[in-house]
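Following: one structure in structure tokens, then a few remarks.
Numbering of residues begins at 1 and proceeds along the displayed sequence. Just so you know, ligand 1 is whichever comes first in the structure, and atom 1 is the first atom listed for that ligand.
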Amino acid sequence: MAVIFAVSSAERRIGFSFLRRMAVAMDIRRGAMDNAASSVTVQDSHRKLKTVDDLPEIKTFRMLYTLIFKGYLNLLNKRMLHPKDSVQYGDVVNAVVTDFIKRIYYLRQMSPTGDLVSNMTNELYRFSLEGISSILFETRIGCLEKEIPAETQDFINSIAQMFTYSMPVVLLPNWTRNYLPFWQWYINGWEGIFKFGKKMIDMKMEAIQKRVDANQEIAGEYLTYLLSNVKMSSKDVYGSISELLLAGVDTTSNTMLWALYLLSRDPEAQEALYQDVTRVLKDDRIPTAQEVNSMPYLKAVIKEALRMYPVVPMNSRLIAENEVVIGGHFFPKKTTFTLCHYAISHDEKVFPEPRKFKPDRWLRDGRTRPNPFGSIPFGFGVRGCVGRRIAELELHLAMARLIKLFEIRLDPTVGEVQSLNRTVLVPDRQVNLHFVERQKTSEP
Ligand code: HEM
């Protein structure tokens, strides 16, 4: 039995319920729950304060809902959700991985031991932001350069500012906004994010227009597709790109961090991963997105890291229309269910030895595999994660190349890392890793 937190917004009271984990997961699969997410509550509370148009973050929520109700999400999904679509971003992601590896070499050289990279959270954040920006904006923004361009640094600071103050903004009563500075700092963060996003999108629009004027073919990936698709207004493009940008950075970077941390403590798993990758990549070639499909252990490592540290540890569903009985408990209409992915994916009935890193449990080699709904780190259904395939592509391509080049060892000063829930699951301390080079290769 897991503790699943159920909030009844209809009766404006909070209740706790003991539910069977799988019962809730199964109901999501059957689509018993509505598709609205919990952010509605935040939207409603903001709406009381000012009109929707006055507030940048309301615009974001509203745009997300517009995207869903106008069917735009399908448009975004079309370009992202399916493995065959995400494959087209393989080269873009690989170019970012190349620069990330260059940076790892540079940082190692600068370290006293010649192989240490400190503060991996920070380095992986740069990697993820560069990765998702290069997909969304179709241009590089310089996060992996030795000196980050000032404009990009402002953008990074704005994201941090918005996240830092989102907590006090949600927790404090609305009247405090006139007296305390948090609300304004939070809004300023959003403004910085939109300013950067808008500039990137406008630049792309200008380039597309020039090509149209010159009767040239329009070539490009994600943004070009959205901008040249008549169904979507530029305002909706600004909103959706900003949303994707925010959702795609901390999630991917922290998952990569947990996977590297787990591997650094498990030389056997690391060796199995090395064998899996080198079996496919016999020379110094860069793996393609398709080749990753022939690396089952690599995929299993990422699945297991997401099971142990589901980076989005909770997500919600609102049952809007019907009352339901789950696990013998009655829930009225308009009950918001918050699923605790962390509790679900540590159920020992589904995952024996749940606290042990065992990528093998995911292998399709004849063994009984866990119930696929035992771990659903990307959520499920129409409101499941839009960026799943992009995230997996980034994680798989980066991990394959890192493990081929280096043996990863945890710096002994780090100790046992605990996870903290800060909306995403983050480490409770700075994680430093030694990247011990395996052999000389043609990588920089
Ligand atoms: C390891 C990486 C990631 C994990 C574990 C993750 C997990 C999740 C989860 C659990 C949800 C809620 C799903 C639900 O309610 O059923 C979600 C939603 C979402 N994710 Fe991700 N995510 C990741 C990476 C990304 C990336 C890279 C992007 C962007 C490219 C992205 C974009 C989104 C968006 C836009 C939503 C909202 C979808 C909606 O509300 O309909 N995510 N993600």
Side-chain angles (χ1 to χ4, degrees), residues 24-25 27-29 31 33-40 42-43 60-77 79-81 85-86 89 92-93 96 124-125 127-137 221-223 226 239-259 299 301-318 336-342 344-345 373 375-399 421 423-426:
V24 177
D27 269 36
I28 284 194
R29 185 178 53 175
M33 309 221 176
D34 201 332
N35 293 319
S38 57
S39 48
V40 182
V42 181
Q43 183 191 24
T60 315
F61 285 124
R62 194 182 61 176
M63 276 172 186
L64 190 60
Y65 281 88
T66 315
L67 290 171
I68 292 155
F69 292 125
K70 284 189 186 169
Y72 286 168
L73 214 57
N74 285 339
L75 219 64
L76 305 185
N77 286 351
R79 245 8 210 201
M80 273 203 175
L81 207 54
D85 292 319
S86 62
Y89 303 111
V92 176
V93 172
V96 176
L124 289 165
Y125 182 90
F127 163 69
S128 297
L129 183 56
E130 189 69 28
I132 194 66
S133 301
S134 60
I135 289 173
L136 295 176
F137 299 137
E221 302 288 356
Y222 197 73
L223 189 52
L226 294 187
S240 60
I241 293 281
S242 306
E243 197 72 51
L244 289 165
L245 200 61
L246 291 177
V249 181
D250 293 75
T251 44
T252 316
S253 61
N254 280 297
T255 302
M256 190 69 183
L257 183 96
W258 288 120
K299 290 184 161 190
V301 162
I302 300 299
K303 268 179 100 80
E304 182 68 347
L306 276 165
R307 179 193 72 76
M308 292 183 73
Y309 299 101
V311 74
V312 179
M314 303 203 213
N315 86 262
S316 306
R317 284 293 184 278
L318 177 73
T336 301
F337 284 85
T338 299
L339 272 85
C340 183
H341 288 291
Y342 189 89
I344 292 170
S345 61
F373 284 88
S375 171
I376 46 167
F378 293 98
F380 191 75
V382 284
R383 296 298 302 275
C385 177
V386 171
R388 173 177 183 169
R389 300 302 175 189
I390 296 290
E392 287 173 337
L393 188 71
E394 287 182 339
L395 292 164
H396 293 152
L397 289 176
M399 183 61 91
N421 181 0
T423 315
V424 290
L425 219 54
V426 297

Tyr89 versus Ile390, closest heavy-atom pair with distance: CD1-CD1, 3.4 Å

Gap separating the CE atom of Met314 from the CG atom of Leu339, nearest 0.5 angstrom: 10.5 Å

Set of residues satisfying side-chain contact (heavy atoms from CB on, under 4.5 Å) with respect to Thr255, sequence neighbours excluded: Leu306, Val311, Leu395

Exam field: side chain Ser128 to backbone Tyr125, donor-acceptor pair closer than 3.5 Å: no

Under-4.0 Å heavy-atom contact with ligand 1, by part of Ile132 that carries it: side chain

Heavy-atom donor-acceptor pair, His341 side chain to Ser375 backbone, under 3.5 Å: no

Test item, Glu392 contacting ligand 1 (heavy atom, 4.0 angstrom): no

For Pro377, the ligand 1 atoms whose distance to one of its heavy atoms is below 4.0 Å: 5 (C), 7 (C), 10 (C)

Numbered atoms of ligand 1 (with element) below 4.0 Å of Gly248, judged on heavy atoms: 26 (C), 27 (C), 28 (C), 29 (C)

Arg317 contact mode with ligand 1 (heavy-atom cut-off under 4.0 Å): side chain

Proximal atoms of ligand 1 relative to Phe380 (non-hydrogen, under 4.0 Å): 16 (O)

Qualifying side-chain hydrogen bond (donor to acceptor under 3.5 Å, both in side chains) pairs with a residue from residues 301-313, counting only residues at least two apart or across chains: Glu304-Arg307, Glu304-Arg361, Glu304-Trp362

His341, any N or O under 3.5 Å of ligand 1 N or O: no

Heavy-atom nearest option to atom 36 (C) of ligand 1, drawn from Val312, Val386, Thr252: Val386

Spatial distance of atom CG (Asp250) from atom CG (Leu129) [nearest 0.5 Å]: 9.5 Å

Structural part of Leu244 in contact with ligand 1, heavy atom criterion under 4.0 angstrom: both

Heteroatom distance test (Asn315, ligand 1): nitrogen or oxygen, under 3.5 angstrom: yes

Ser133 side chain vs Glu130 backbone, donor-acceptor pair below 3.5 Å: no

Heavy-atom proximity to atom 28 (C) of ligand 1, best of Gly387, Gly131, Pro313: Gly387

